S.K.: 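The following block contains the structure, expressed as structure tokens.
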Amino acid sequence: MITVEQHLQRILAVVSVVEAAPVPLEAALGRTLREPLRAAVDLPLFDNSAMDGFAVRFADVAGASAEHPVALVVVADLPAGTALDPALRPGQAARIMTGAPVPHAADTVIPFEDTRAGIADSLAHTEVVVAPPRTGAYVRRRGEDCTAGDELLPAGVVLGARQLAAAAAAGVAELTVSRVPRVAVISTGDELRPPGSPLTYGQIPESNSTLIAALCHENGAEVVLRTSVGDEGDGLRAALDEASALGADAVITSGGVSAGAYEVVKNVAAMTFEKVAMQPGKPQGFGAGSPLLFGLPGNPVSVAVSFEVFVRPALLAMQGRTDTARRRIRMPALTGWRTPPGRRQYLPVTIETGGVRPASSGGSHLAASLGRADAYAIVPAEVAAVTVGDVVDVMLVS
Ligand SMILES: Nc1nc2c(c(=O)[nH]1)N[C@H]1C(S)=C(S)[C@@H](COP(=O)(O)OP(=O)(O)OC[C@H]3O[C@@H](n4cnc5c(N)ncnc54)[C@H](O)[C@@H]3O)O[C@H]1N2
Ligand code: MOO
């Protein structure tokens, strides 16, 4: 048996990064950034007001209080978007709304709440009844967030909502991102029928392609072919040819890689087969050609775990992602469980207050229980059992 790291290393050693091209922000969600995002403008672009109120000269209002209000003459009205920059003489103020440019002649903003009449009759005069805490109060300074040319994101990060919003805010309309990798998903097994179709004795619903396709989408890849083939005949060979014709970057098969009499993937696909010291996911096939071939074992939990451990890092590396590892935390076990001898365990668990609890007994066929899991507990090969309170590594997947 080889270790998880050995198998992963062999895979990552032959992954090549797909092409990159500029796309509009609307098309960039979930894609990997390939050139750093640099701000096109200063943020904020200009000194502007953080509050609805009055732009004032600090010196005029420094001594204001309820007992000694300071009366100011309002000489301008500044909504957000205005291009006005009125001059203010001593004793003068400009009414200003949140986001409007603060006149160069002002240095401080007084919110309506700190004036006697507030917004009422605020276009001609106002009386300030609370002194601002300091010069510059409620003024959002030009460039305090970033200045034009600053690197806001490095190449290699995935673009989510917050990253795209940062680009938009910084005046950037296009980002250079990786092409979406193309994946073919092939399930194997005579017993498989589409979910929901009538089943005769011995048949089961086909679920691995649903799992793998969803995981591909979650990780930035598109599924260009999804099919199920039998254990005998030319189905697998034809599906592999079709995957190549469709320009697949990777093919992910499930089933047909262990020690039985009808191991179609083992018989047909140009893969090397290994036993990896993990449970589930022991039998693994991999083909280093083009497309890359991943031969995952058929058991549904084996598929889910194998995808996380081997396929996901490869798909992310293909997109140029610098961080391909799932986030791991350490949490106590809320109940104990048994572990397989000599193999690293990846146990589906639920995260609860104060720790993790097994989502199943650990059998690699327990597909329904997998629906409850939001993480995998990772237990080293040399640990024989986990007891309540033991702190375990937990790989977060949702
Ligand atoms: N004599 C041995 N038998 C087995 C070994 C072994 O070392 N020696 N390894 C076991 C382990 S561990 C695993 S994991 C499985 C892997 O088997 P295969 O990859 O050959 O997968 P199949 O036999 O085709 O299927 C296994 C299991 O999963 C079900 N399955 C398959 N595909 C799907 C699908 N698309 N959707 C839902 N369920 C699927 C299938 O019906 C089987 O129950 O081998 C052990 N045996
Ligand atoms: O290694 Mo298999 O994936 O345990 O069931």
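Note that ligands are numbered from 1 as they come in the structure, with each ligand's atoms numbered from 1 the same way. In what follows, residues are counted from 1 in the order of the sequence shown. Remember, predicted model here, so these are calculated numbers, not experimental data.
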S.K.: Any idea which atoms of ligand 2 are less than 4.0 Å away from a heavy-atom of Arg343?
M.R.: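 Listed by number with element, the hits are 1 (O), 4 (O).
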S.K.: Among Val303, Ile186, Asn299, whose heavy atom sits nearest atom 42 (C) of ligand 1?
M.R.: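 Checking each option, the heavy atom nearest atom 42 (C) of ligand 1 is found in Asn299.
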S.K.: Output yes when the distance from some N or O of ligand 1 to some N or O of Ser207 is under 3.5 Å, and no in every other case.
M.R.: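 Right, the criterion is met.
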S.K.: Ignoring angles and geometry beyond distance, decide whether Ser302 reaches within less than 3.5 Å of ligand 1 through its nitrogen or oxygen atoms.
M.R.: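 Not met; the criterion fails.
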S.K.: May I ask you to list the atoms of ligand 2 that are less than 4.0 angstrom from any heavy atom of Asn299?
M.R.: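 Result: 5 (O).
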S.K.: For ligand 2, which atoms have a heavy atom of Gln279 less than 4.0 angstrom away?
M.R.: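 That gives atoms 4 (O) of ligand 2.
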S.K.: Are Asp150 and Arg38 ion-paired here, with the side-chain N under 4.0 Å from a carboxylate O?
M.R.: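 No, no charged N to carboxylate O under 4.0 Å.
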S.K.: Please could you name the atoms of ligand 2 that Pro283 approaches to less than 4.0 Å, counting only its heavy atoms?
M.R.: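 Taking each heavy atom of Pro283 in turn, ligand 2 has 1 (O) under 4.0 Å.
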S.K.: Starting from atom 5 (O) of ligand 2, find the nearest protein heavy-atom neighbour and note its residue, name and distance.
M.R.: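 Nearest protein contact, heavy atoms only, for atom 5 (O) of ligand 2 is Ser364 OG, 2.4 Å.
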S.K.: When you measure from atom 1 (O) of ligand 2 to every protein heavy atom, which one gives the shortest distance, and what is it?
M.R.: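 Residue, atom and distance for the closest contact: Lys282 N, 2.7 Å.
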S.K.: Quick check on Ser258 - does any of its heavy atoms sit under 4.0 Å from an atom of ligand 2?
M.R.: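 Contact absent.
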S.K.: Under 3.5 Å, N or O to N or O, is Lys282 touching ligand 1 that way?
M.R.: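 It does: an N or O of Lys282 is found under 3.5 Å from an N or O of ligand 1.
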S.K.: Heavy-atom distance to atom 38 (N) of ligand 1: which of Ile204, Val185, Val265 wins?
M.R.: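 The nearest heavy atom belongs to Ile204.
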S.K.: Output the list of atoms in ligand 1 that are nearer than 4.0 Å to some heavy atom of Pro297, sorted by atom number.
M.R.: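 In order of number, 14 (S), 16 (C), 19 (O).
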S.K.: Tell me which one of Pro181, Pro313, Ser16 satisfies side-chain contact (heavy atoms from CB on, under 4.5 Å) with Met318.
M.R.: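 Among Pro181, Pro313, Ser16, the one that satisfies the side-chain contact (heavy atoms from CB on, under 4.5 Å) with Met318 is Pro181.
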